[in-house]
A.B. asks: 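Sending over a structure as structure tokens; questions will come in a sec.
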2 protein chains.
Amino acid sequence: MKTKLSESQEDYLKHIFLLSEKSDENVSANALAERLKVKPASVTNMLKKLSELSLIEYVPYKGASLTSSGELIALEVLRHHRLLELYLSEMMGYSWDEVHEEAEKLEHVISERFEAKMAEQLGHPTHDPHGDPIPDQNLKLPSGPAIYPITSLKAGVTGAITRVLTQDKDTLNMLTRLSLVMNAELEIIAQERNGVRIRVGDERFLIPLELASNICISKNEFEKTK
Amino acid sequence: MKTKLSESQEDYLKHIFLLSEKSDENVSANALAERLKVKPASVTNMLKKLSELSLIEYVPYKGASLTSSGELIALEVLRHHRLLELYLSEMMGYSWDEVHEEAEKLEHVISERFEAKMAEQLGHPTHDPHGDPIPDQNLKLPSGPAIYPITSLKAGVTGAITRVLTQDKDTLNMLTRLSLVMNAELEIIAQERNGVRIRVGDERFLIPLELASNICISKNEFEKTK
DNA sequence: AACTATTTTTAGCCTTGCCTAAATAATTTT
DNA sequence: AAAATTATTTAGGCAAGGCTAAAAATAGTT
Ligand SMILES: [Mn+2]
Ligand SMILES: [Mn+2]
Ligand SMILES: [Mn+2]
Ligand SMILES: [Mn+2]
């Protein structure tokens, strides 16, 4: 790994990693194009270059996957991103719907010194403001307690929100208004065709399916032992 | 001022500003090329573009100067840079020889929100770790007490270091080793052909001319009233 | 005033990362 | 299995921001 990568290259690797995490299969040019807001032809171009650099394995028409050195770079960028999000949130008074945008640009620009200083000041945290895991200094992802999207849980289950799988500003803002914030306690009232009915404090909501699938909780103790 | 400028464009404007500050004349292509570590031909190219955008006034063979809108952008970048330097120094434990490099990249990337948060946390400071003035929210440069390069002062004058006109890492590190840091008290012992002889605490140094011309002090009270 | 040396500009090229349009491969439907 | 649809790649271009080499303007010297 000789020369520093461009911002674009880093973003390609990061998003290949994130897409691989979800689907487990090779990442398609189309999926990447959509994520990166770029045309598929541009993706093909870049995949060839990254493949040339041995950062991905790329078989034309079959999609791409990270090599181990590509994965390290993706994890490094991810560590920057998530540390930045938490730093902005904890040390600079940003709310969780504001951090992503700023971190998206800063992640490519900060030094290793800056990364280390943030980690130190934050007490080497394991999760960002959305509950996303932060790779440690050795780029190992932390293994936390099991978490479940609320779409997958039975009525009666209670737990605290520990991860939200969206970075969309307006969605996050909406969740805040509904008190659906990190660590908020909620109860599954019922799974229905149009969504998940839940209780948060005294309030009840019917969360549309697509949104609900992005909200994850860790189940409460007495539930777990059952 | 429609669309956001590129990092390069911002750096050109910033350095045109800084060079204008020193010499008062139009900034030459050569001087800019040297500053920006770029060939003069590249500078000519960019000057034409910036001129097209009405950010500079450019007469071929005569150099360039900022228009008022160009100057505003330069001051904005400068504010970012100097706030960042101070933030890194005060809040993140960087030393004054480390801040410049990091700020150089971050200055183009942070949001106005980030700028405002830094200013707030730092108590709306007026000077960065090298004593360089920080433009305020309205991009006005603060007017401080008079400062003098130690090359311009008579023997016997004492004062505190209030500005250092270099960003060179190794030079700054050297100054630190000599206790020639911000606010350090020093006395001019003599102006000599090879430099300025000074006293700092119990120590005496002969500071080479070129270095000495970058060290500025504000004279002590009893000197001023004399 | 004529040379000489230095600056600056012009012209042409390169790389990066994106685009569109057209061609080709893969997948799905009938 | 053929046809139709969708996904992907190829080919050709474009804008930014560098570069080199050559031409032209300016400044300095005799
Ligand atoms: Mn990014
Ligand atoms: Mn996040
Ligand atoms: Mn810069
Ligand atoms: Mn400074």
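Every chain is numbered from 1 and lettered A, B, ... according to where its sequence line falls, protein lines coming before strand lines.
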A.B. asks: Hey, are B:Ser95 and B:Asp97 close enough side-chain-wise for a donor-acceptor pair under 3.5 Å?
C.D. replies: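 Looking only at side-chain atoms, B:Ser95 and B:Asp97 do form a donor-acceptor pair, the distance falling under 3.5 Å.
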
A.B. asks: Would you list the atom pairs, donor with acceptor, under 3.5 Å between side chains in residues 16-26 of chain B and any protein atom, with sequence neighbours excluded?
C.D. replies:
unit_1: B:Ser20; atom_1: OG; unit_2: B:Ile16; atom_2: O; d: 2.8
unit_1: B:Ser23; atom_1: OG; unit_2: B:Leu19; atom_2: O; d: 3.4
unit_1: B:Ser23; atom_1: OG; unit_2: B:Glu25; atom_2: N; d: 3.4
unit_1: B:Asn26; atom_1: ND2; unit_2: B:Lys62; atom_2: O; d: 3.1

A.B. asks: Please name the residue in the list A:Glu115, A:Glu112, A:Glu85, A:Glu107 that meets the salt bridge (charged side-chain N to carboxylate O under 4.0 Å, His left out) test with A:Arg79.
C.D. replies: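 That would be A:Glu115; it is the only one of A:Glu115, A:Glu112, A:Glu85, A:Glu107 passing the salt bridge (charged side-chain N to carboxylate O under 4.0 Å, His left out) with A:Arg79.
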
A.B. asks: With a 6.0 Å cut-off (strictly less than), is the heavy-atom count around CD of B:Glu57, excluding the residue itself, greater than 12?
C.D. replies: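 For B:Glu57, atom CD is not crowded (no more than 12 foreign heavy atoms under 6.0 Å).
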
A.B. asks: Cationic tip of A:Arg113 within the cone over B:Tyr94's six-membered ring, i.e. under 6.0 Å and within 45° of the normal?
C.D. replies: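 That pair qualifies as a cation-pi contact.
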
A.B. asks: Who are the ring-ring contact (aromatic ring centres under 6.0 Å, His included) partners of A:His100, not counting sequence neighbours?
C.D. replies: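 With neighbours one apart ignored, the set is A:His81.
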
A.B. asks: Can you list everything that forms a ring-ring contact (aromatic ring centres under 6.0 Å, His included) with A:His15? Sequence neighbours excluded, please.
C.D. replies: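 Partners of A:His15 by the ring-ring contact (aromatic ring centres under 6.0 Å, His included) criterion come out as none, since no residue qualifies.
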
A.B. asks: For the helix from C:dA1-D:dT30 to C:dT30-D:dA1, what angle lies between the axis at the first five pairs and the axis at the last five pairs, to 10 degrees?
C.D. replies: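 If I round to tens, the end axes sit 10° apart.
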
A.B. asks: Taking 5' to 3' order, which nucleotide of DNA chain D is first and which is last to have an atom within less than 4.0 Å of a heavy atom in chain A?
C.D. replies: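 Nucleotide range in contact with chain A: D:dA7 to D:dT10.
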
A.B. asks: Determine whether the side chains of B:Glu102 and A:Ser111 contain a donor N or O and an acceptor N or O closer than 3.5 Å.
C.D. replies: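 A pair is found: one side chain offers a donor N or O, the other an acceptor, under 3.5 Å apart.
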
A.B. asks: Classify the ring geometry between A:Tyr87 and B:Tyr87 as parallel (under 30°), tilted (30 to 60°) or perpendicular (over 60°).
C.D. replies: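 If you compare the ring of A:Tyr87 with that of B:Tyr87, the planes turn out perpendicular.
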
A.B. asks: What one-letter contact string describes nucleotides 6-18 of chain C from 5' to 3', where B marks a base within less than 4.0 Å of any protein heavy atom, S marks contact via sugar-phosphate atoms alone, and - marks no contact?
C.D. replies: -SSBB------BB

A.B. asks: Does a side chain donor of either B:Ser68 or B:Glu71 reach within less than 3.5 Å of an acceptor in the other side chain?
C.D. replies: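 No, because no side-chain N or O of B:Ser68 sits under 3.5 Å from a partner of the opposite role on B:Glu71.
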
